[in-house]
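First the structure, in the form of structure tokens, and then the observations on it.
The first residue in the sequence is number 1, and the count goes up from there. Order of listing sets the numbers, starting from 1, for every ligand and every atom in it.
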Amino acid sequence: MCGIVGYIGTKNCVPILLEGLKRLEYRGYDSAGIGIINSTECKVIKTKGKVSELEKLVNKENTVSSLGIGHTRWATHGEPSILNAHPHVNEDHTLFLIHNGIIENYASLKKGLQSQGYKFVSETDTEVLAHLIDRYLKLKNNLFQAVRYALNEVEGTYGIAVIYKNEPDKIIAAKKGSPLVIGVGKNENFIASDVNALIAHTSQVVYLEDGEIAEIFQDHFHAKTIADESIIKEIHEVDMSVDEITKGGYPHYMLKEIMEQSESLYNSMRGRLLLKEGISKLGGLQGYEDRIANSERIIISACGTSWHAGLVGEYMLEQYTGIPVEVEYASEFRYRHPVITPKDTVIFISQSGETADTLAAMKEAKKKGALCLGVCNVVGSSIARESQTGVYIHAGPEIGVASTKAFTSQLLVLALITLLIARRKNLNLPDGQEIIQELQTLTSKVETILKLNDVIEKIAGQYVNSKNFLYLGRGYNFPVALEGALKLKEISYIHAEGYPAAEMKHGPIALIDDNMPVVFIAMKDSVYEKVVSNIEEVKARKGRIIAIVNEDDNQIDKLVDHVIRIPKTIQMLQPILSVIPLQLLAYHIAVKKGLNVDQPRNLAKSVTVE
Ligand code: F6R
């Protein structure tokens with residue numbers, strides 16, 4: 001999704017803005033631009049395509065300024081083009097605006113402005129806001145107030161930064177539904193849509209909340225609500241280093257993030273396992289344990305990969321706690337008038353903590369009195385802040401657009417929540433201790449699987465030209481089949497579908513011939529024999545089979561084309577292991593097709609629009 005960065009201080013902002021935009025590239029975008037104001041000029045430089053292209057243009061101009069804003073745009077209104085790229089400007093080129101989000105009433109605002117003589121050059125909703133602010137500037141002669149008045153007319157979502165030639169000592173920033181943080185430096189301040197863009201300069205940040213607007217100067221800032229009430233903002237210390245957001249010698253972030261899963265899982269469980277008591281310790285849930293355990297129902301709501309994690313969570317929670325669980329796509333949940341009561345606990349899972357649909361679903365559940373529990377990776381993100389209680393997954397920054405290590409850490413945290421609640425219900429001490437002992441063996445088992453990277457790369461080589469894939473699994477491994485298929489389609493652009501293995505005979509079996517690769521997740525669990533029967537059915541129709549099996553399996557290799565053997569663990573935790581070969585398979589197929597795995601086409605890391 002779009003990215004925002006801004007600087008005001010004593011240094012030249014141009015390299016700072018470019019570097020910030022590069023750190024936001026992972027979010028997905030299709031055009032980029034910067035706007036600077038100094039004592040002699042107001043300049044906007046924009047390009048379609050990558051920040052590296054923008055950098056070439058900027059370098060030709062030799063521009064220097066200590067006030068500037070930069071943006072990466074992910075097209076919503078109007079195709080990716082230089083005209084539609086941000087910053088957008090007022091008619092006399094003195095006011096620059098960058099915007100994340102969507103202005104829903106832009107058409108009516110535009111009509112009103114056109115009737116007053118304003119001319120538009122782009123197809124965007126953002127340009128409307130630039131002119132609207134300009135109109136109020138003419139009335140109020142004060143940038144802060146002009147932005148505030150304009151925003152009061154806007155319906156929709158925004159994270160914005162505005163600079164103006166006649167008030168060159170400030171950036172105005174405002175937020176509603178799109179994340180925005182102020183980075184507080186020494187004699188310099190920053191604005192960004194994501195702390196990654198400013199972490200190289202400062203670890204002190206201020207999170208703007210919905211309906212807040214800030215006036216940011218070189219050496220101080222203040223904030224108000226859009227309704228003009230003064231507010232005091234707290235400064236937070238971010239615990240993240242620049243090393244964590246670099247590739248660390250790997251060719252892609254995605255591979256790095258797959259390869260660091262033993263460490264990320266360790267971090268997700270560190271300090272949270274109490275072996276003697278056979279229980280997990282989750283500080284974020286303290287005081288809410290009984291309310292969760294006594295819930296009449298647990299609903300899990302999320303999108304994409306996080307939704308797949310929610311499906312595994314359903315199996316875990318129902319098996320161990322006996323509480324009925326429902327899993328809902330956040331995008332459906334928010335609009336279908338769901339029946340939610342104060343006796344429900346709703347778990348919202350989101351890596352970024354900024355997904356617009358999940359955030360809106362949370363607001364809906366909150367309104368209806370349910371307990372809202374956030375499971376997020378990004379500390380201080382909107383969902384983390386909006387939820388009443390929650391657990392961070394501590395997977396570390398995930399930059400690759402395709403989620404990998406966040407998924408396994410989400411599963412791990414769901415297992416910890418299950419254990420905590422189950423021990424308050426019927427789970428006895430030895431069974432709780434057994435789960436903890438299994439959790440403690442996970443990281444070394446993950447390392448064993450990661451050593452299969454070369455084997456999986458060779459298998460991937462044989463399927464680069466495939467047009468379709470089926471992924472089949474049962475029980476706990478059905479959501480893994482969905483996740484394997486999603487990973488493949490999003491980065492390799494090969495059509496892939498995940499199904500519960502037994503559902504195959506109700507339709508998808510028609511697709512099977514000697515061109516159809518079928519990936520089976522066939523663990524030695526309670527449904528193993530049934531999955532073997534499904535494998536036989538595919539074999540009988542000459543499908544090409546890749547099977548993920550347990551190390552001690554000696555039954556399946558006779559039936560299939562490729563076997564990937566992974567260590568065994570208890571059923572609840574097996575998806576954490578069985579998904580890793582599927583992540584590697586998708587990665588290698590995409591790389592062999594020459595595709596950009598970290599920034600796949602049309603995708604964004606954090607989907608902050610509906
Ligand atoms: C897939 C992927 C997406 C996200 C989805 C939700 O690899 O990354 O499907 O899982 O957009 O994002 P979060 O978890 O940030 O809410």
Side-chain angles (χ1 to χ4, degrees), residues 1 26-28 74 177-179 193-194 196 252-255 257-258 261 264 300-313 327-334 346-362 372-387 390-411 413-414 471 479-480 482-493 496 498 579-580 582-587 590 595-610:
M1 290 275 123
Y26 77 97
R27 294 167 66 98
W74 187 80
S178 273
S193 50
D194 182 327
N196 285 0
H252 300 100
Y253 284 113
M254 183 177 174
L255 185 59
E257 287 159 7
I258 293 172
Q261 284 179 104
S264 52
I300 303 178
S301 187
C303 303
T305 288
S306 298
W307 183 78
H308 296 156
L311 289 178
V312 180
V327 186
E328 296 259 7
Y329 283 115
S331 53
E332 289 297 311
F333 187 64
R334 62 184 290 196
V346 192
I347 302 178
F348 295 92
I349 308 173
S350 175
Q351 186 286 127
S352 62
E354 301 296 348
T355 301
D357 286 323
T358 312
L359 193 54
M362 173 177 271
C372 294
L373 189 166
V375 173
C376 296
N377 191 28
V378 178
V379 175
S381 55
S382 302
I383 292 171
R385 282 178 291 133
E386 283 270 341
S387 47
V391 188
Y392 281 118
I393 64 169
H394 293 312
E398 189 180 68
I399 311 286
V401 164
S403 187
T404 53
K405 65 175 181 171
F407 178 69
T408 47
S409 285
Q410 286 166 344
L411 298 186
V413 162
L414 287 166
Y471 286 73
V480 175
L482 295 180
E483 176 60 7
L486 179 65
K487 284 292 87 85
L488 185 72
K489 72 182 119 186
E490 66 185 335
I491 60 167
S492 74
Y493 317 144
V579 76
I580 297 174
L582 306 187
Q583 296 169 342
L584 284 168
L585 184 68
Y587 170 79
L595 298 170
N596 183 346
V597 291
D598 282 335
Q599 290 160 35
R601 70 182 179 206
N602 306 336
L603 287 179
K605 182 67 186 162
S606 124
V607 185
T608 50
V609 295
E610 271 190 52

> If every non-hydrogen atom of Val597 is compared with every non-hydrogen atom of Ala590, which pair is closest and at what distance?
Replying inline: CG1-CB, 3.3 Å
> Can you name the closest pair of heavy atoms from Leu486 and Gly304 and give their distance?
Replying inline: CD2-C, 4.2 Å
Within a distance under 4.0 Å of any heavy atom of [X], pick out the atoms of ligand 1 and give their elements.
| X | answer |
| --- | --- |
| Ser403 | 7 (O), 8 (O) |
| Ser350 | 13 (P), 14 (O), 15 (O), 16 (O) |
| Ser306 | 10 (O), 13 (P), 14 (O) |
| Ala402 | 7 (O) |
| Lys487 | 1 (C), 7 (O) |
| Gly304 | 9 (O), 10 (O) |

>> Geometry only, no angles: is Gln410 polar-contacting ligand 1 at N/O separations under 3.5 Å?
In response: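 In fact, backbone or side chain, Gln410 has no N or O that close.
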> Quick one: does Thr355 get an N or O within less than 3.5 Å of an N or O on ligand 1?
Replying inline: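 N/O-N/O distance below 3.5 Å exists for this pair.
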> Among side-chain atoms of Ser306 and Gln410, is any donor-acceptor pair under 3.5 angstrom?
Replying inline: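 The criterion, which ignores hydrogens and geometry beyond distance, is satisfied for Gln410 and Ser306.
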Closest protein heavy atom to [atom], given as residue, atom name and distance to 0.1 Å:
| atom | result |
| --- | --- |
| atom 15 (O) of ligand 1 | Ser352 OG, 2.6 Å |
| atom 2 (C) of ligand 1 | Thr305 OG1, 3.8 Å |
| atom 11 (O) of ligand 1 | Val607 CG2, 4.0 Å |
| atom 5 (C) of ligand 1 | Cys303 O, 3.6 Å |
| atom 7 (O) of ligand 1 | Glu490 OE2, 2.5 Å |

Output the distance between atom [atom1] ([X]) and atom [atom2] ([Y]), rounded to the nearest 0.5 Å.
| X | Y | atom1 | atom2 | result |
| --- | --- | --- | --- | --- |
| Leu488 | Leu585 | CG | CG | 6.5 Å |
| Asp357 | Phe333 | CG | CZ | 12.5 Å |
| Gln583 | Thr408 | CD | OG1 | 6.0 Å |
| Cys376 | Ile383 | SG | CD1 | 5.5 Å |
| Thr404 | Leu584 | OG1 | CG | 9.5 Å |
| Glu354 | Ser178 | CD | OG | 8.5 Å |

>> Yes or no: does Val401 have any heavy atom under 4.0 Å from an atom of ligand 1?
In response: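 It does; at least one heavy atom falls under 4.0 Å.
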